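Worth saying up front: this structure is predicted, and the values here are computed from it rather than measured.
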Amino acid sequence: GMSALPRLGKIFRWVLPVGVQVAATTVLLHYFRADIEKLLYGKSKSKDVDSKHIAVIGDIFMDVVVGGIKKMPQWGGDEVIASPVKLMAGGGGLNSAIQIRKLQQTKGIEDGVVLHSMIGADDFGKRIRGRLKAADVKLSSPSNTNLATGSCVCLSGGLDGKSDRAFITYRGAMEKFDGSSLDISELKMASHVHVAGYYNFPQIQTSLLKILPELQKSQVTLSLNPQYDYEEKWKGLDEIYKHLDFMIMNEDEAYYLTRKTNLADALKTFHSKGLKMAVVTIGSKGAVASIPEEVDTNGKHSGRIKWFWNKAIKTEAKDTTGAGDAFTAGFLYEWTRTKDVSKSLKLGCALGTAMVTKMGASANISEDEVKRFTCEEAEQGLRVHPSPLSRIHITLCE
């Protein structure tokens with residue numbers, strides 16, 4: 001590497017015109033950048049992930065996990081639970097990033113994952129950095145010294161075998177996470193960029209209208225997960241759909257975003273607004289993906305959709321927190337490698353199902369668990385009415 005530089009330098013000085021020398025020197029500096037940095041600094045300062053890495057722009061929270069709740073206490077009351085309260089790193093961005101990296105490691109893939117977010121310079125921030133380091137996820141994050149790291153009390157439980165959940169959230173540093181916090185040059189080096197928790201960091205929403213088209217031009221594939229809009233306005237995404245390769249959401253979010261009451265109509269609405277692929281999780285019934293089957297010469301959607309459905313293995317849920325993030329990780333991992341929608345749904349459902357058997361949204365999932373919760377039952381078709389998903393409500397993967 002470095003031994004070639006002096007000889008090449010002499011050739012450039014004597015043989016090439018000045019303008020060409022400048023251009024050639026620029027190319028050489030880029031090519032030998034890592035070697036030059038090692039010579040000057042003792043190590044490379046360049047980013048330590050592969051150019052095929054997956055980047056996640058997403059939320060980070062410290063989760064206070066409270067599970068096994070039979071009933072919510074009244075003000076002034078108390079409720080005793082059997083499960084210990086846990087403090088765990090969480091947030092949709094962090095959860096998905098960790099699970100994607102785990103899948104890469106399981107397959108011996110070193111592409112890497114970079115999480116772009118913002119945390120506070122406090123104890124929670126230190127804990128989160130430690131969790132990401134242990135998971136081998138690179139954090140691209142400025143520390144906000146004025147605000148604490150975001151935190152969330154995650155409540156889960158229910159009666160009669162029905163699981164439910166609720167959250168109490170302090171956004172903290174995530175409230176100030178905006179476009180200026182992002183390393184755009186690093187994002188352009190990713191193979192895929194996923195926006196996790198669009199409504200959890202409102203300051204970045206306007207910036208995405210500029211950033212996503214830039215990434216598209218750099219041949220980066222793009223996806224987004226909206227999360228719940230606490231303001232319940234469900235605005236801002238109409239101008240973004242056309243830039244995405246797909247969007248992942250749960251069934252409720254699909255209805256809120258489209259103002260529809262059945263999934264077939266919601267999917268058609270997404271495609272009419274320019275979304276190339278809609279991916280919708282439907283709890284214990286698995287997940288559905290759809291793409292517009294036909295587009296006329298004016299680019300208008302004909303109304304016909306091609307849909308894919310993968311069932312989920314029936315299991316008892318301990319905590320549904322993080323199941324959607326785990327699904328996202330499985331789907332993203334497979335889709336970025338194969339572009340196979342059916343396989344992506346299958347892996348996503350396996351990870352999502354495995355996660356509900358655990359407490360905490362970023363719990364580790366083993367390779368054996370992925371295999372155990374993989375359901376081979378899947379369907380696909382092409383129709384509009386009646387709803388292609390009607391049978392989902394009466395059939396489960398046993």
Side-chain angles (χ1 to χ4, degrees), residues 92 96 192-199 208 212 216 221-229 234-283 285-295 299-312 323-336 338-349 352 378-393:
S96 294
H192 184 88
V193 172
H194 176 67
V195 180
Y198 175 81
Y199 288 116
L208 287 176
L212 296 182
Q216 266 189 317
T221 52
L222 303 167
S223 59
L224 181 145
N225 167 256
Q227 289 285 26
Y228 189 81
D229 180 9
W234 302 97
K235 302 289 186 181
L237 284 171
D238 282 0
E239 294 301 313
I240 285 179
Y241 292 136
K242 62 186 177 184
H243 300 299
L244 303 175
D245 289 273
F246 58 90
M247 186 166 78
I248 300 177
M249 71 215 91
N250 64 35
E251 194 173 7
D252 288 338
E253 290 161 355
Y255 297 149
Y256 286 130
L257 284 166
T258 59
R259 313 294 180 184
K260 301 299 181 183
T261 56
N262 69 76
L263 200 45
D265 286 343
L267 295 174
K268 286 188 291 180
T269 300
F270 282 125
H271 297 315
S272 71
K273 293 183 177 184
L275 185 62
K276 301 179 188 72
M277 177 164 63
V279 182
V280 183
T281 58
I282 41 181
K285 302 176 183 71
V288 170
S290 69
I291 57 177
E293 177 64 13
E294 295 174 354
V295 177
K300 278 198 162 189
H301 176 227
S302 67
R304 289 167 63 85
I305 57 173
K306 184 174 184 180
W307 55 269
F308 306 79
W309 166 40
N310 204 97
K311 300 181 183 181
D325 303 329
F327 171 89
T328 295
F331 189 95
L332 271 175
Y333 170 82
E334 186 64 39
W335 187 88
T336 54
T338 67
K339 302 297 187 291
D340 188 311
V341 178
S342 295
K343 287 183 178 179
S344 301
L345 284 173
K346 184 184 297 184
L347 184 57
C349 287
E379 295 180 22
Q380 58 180 282
L382 175 64
R383 66 183 75 158
V384 178
H385 294 292
S387 168
L389 313 175
S390 58
R391 283 172 292 172
I392 290 175
H393 303 295

Problem set entry | Asp238/Lys273 salt bridge by N-O under 4.0 Å criterion | yes

Problem set entry | Heavy-atom closest contact (Thr269 atom, Ser272 atom, distance) | O-OG, 2.7 Å

Exercise. What closest approach, in Å, do Leu263 and Ala254 show between heavy atoms, and which atom pair accounts for it?
Worked result: CD1-CB, 4.4 Å

Exercise. Between atom CG of Leu332 and atom CG of Asp325, what is the distance when rounded to the nearest 0.5 Å?
Worked result: 11.0 Å

For this session: Report the C-alpha distance between Ile240 and Leu212 in whole Å, list the side-chain angles of each, state the deciding distance to 0.1 Å, and finish with yes or no for side-chain contact (heavy atoms from CB on, under 4.5 Å).
Result: CA-CA 8 Å; Ile240 285 179; Leu212 296 182; 3.7 Å; yes

For this session: Any chance you could measure Glu251, atom CD, to Asn262, atom CG, to the nearest 0.5 Å?
Result: 9.5 Å

For this session: For Leu267 and Val288, run side-chain contact (heavy atoms from CB on, under 4.5 Å): C-alpha distance rounded to whole Å, both residues' side-chain angles, the deciding distance at 0.1 Å, then the answer.
Result: CA-CA 10 Å; Leu267 295 174; Val288 170; 4.3 Å; yes

Exercise. Going by heavy atoms in the side chains, are Leu347 and Phe327 under 4.5 Å from each other?
Worked result: no

Exercise. Going by heavy atoms in the side chains, are Val341 and Met277 under 4.5 Å from each other?
Worked result: yes

Exercise. Would Thr221 and His192 count as having a side-chain donor-acceptor pair, cut-off 3.5 Å?
Worked result: yes

Exercise. Should Thr281 and Met249 count as side-chain neighbours, where that means a heavy-atom distance under 4.5 Å?
Worked result: no

Problem set entry | Donor-acceptor pair, side chain of Glu334 and main chain of Phe331, under 3.5 angstrom | no

Problem set entry | Side-chain touch Val195/Leu208, heavy atoms, less than 4.5 angstrom | yes

Exercise. Where do His194 and Asn225 come nearest, in terms of heavy atoms and distance?
Worked result: CE1-N, 3.7 Å

Problem set entry | Criterion side-chain contact (heavy atoms from CB on, under 4.5 Å) on Gln216 and Leu222, from CA distance to verdict | CA-CA 8 Å; Gln216 266 189 317; Leu222 303 167; 3.7 Å; yes

Exercise. Looking at Lys276 and Leu244, what are the two nearest heavy atoms and their distance?
Worked result: NZ-O, 3.1 Å

Problem set entry | Closest approach of Glu253 to Pro226 (non-hydrogen atoms, all atoms of both residues) | OE1-CG, 3.8 Å

Problem set entry | Heavy-atom donor-acceptor pair, Thr338 side chain to Trp335 backbone, under 3.5 Å | no

For this session: Answer yes or no: is there a donor N or O on one side and an acceptor on the other, between the side chain of Tyr228 and the main chain of Gly197, under 3.5 Å?
Result: no

Problem set entry | Backbone N/O of Ser96 and side chain of Thr328: donor-acceptor pair under 3.5 Å | no

For this session: Supply the atom-to-atom distance Phe246 CZ to Leu224 CG, rounded to the nearest 0.5 angstrom.
Result: 10.0 Å

Exercise. Do Phe270 and Tyr241 have their ring centres less than 6.0 Å from each other?
Worked result: yes

Problem set entry | Point-to-point distance, once rounded to the nearest 0.5 Å, from CH2 of Trp309 to OG of Ser342 | 13.0 Å

For this session: Take the angle between the ring planes of Tyr256 and Trp234 and call it parallel below 30°, perpendicular above 60°, tilted in between.
Result: parallel

For this session: Could you pull out the closest heavy-atom pair between Pro292 and Leu275, with the gap in Å?
Result: CD-O, 4.3 Å

Problem set entry | Donor on one side chain, acceptor on other, His271 and Ser290, under 3.5 Å | yes

Problem set entry | Evaluation steps, side-chain contact (heavy atoms from CB on, under 4.5 Å), between Leu257 and Leu237 | CA-CA 9 Å; Leu257 284 166; Leu237 284 171; 3.7 Å; yes

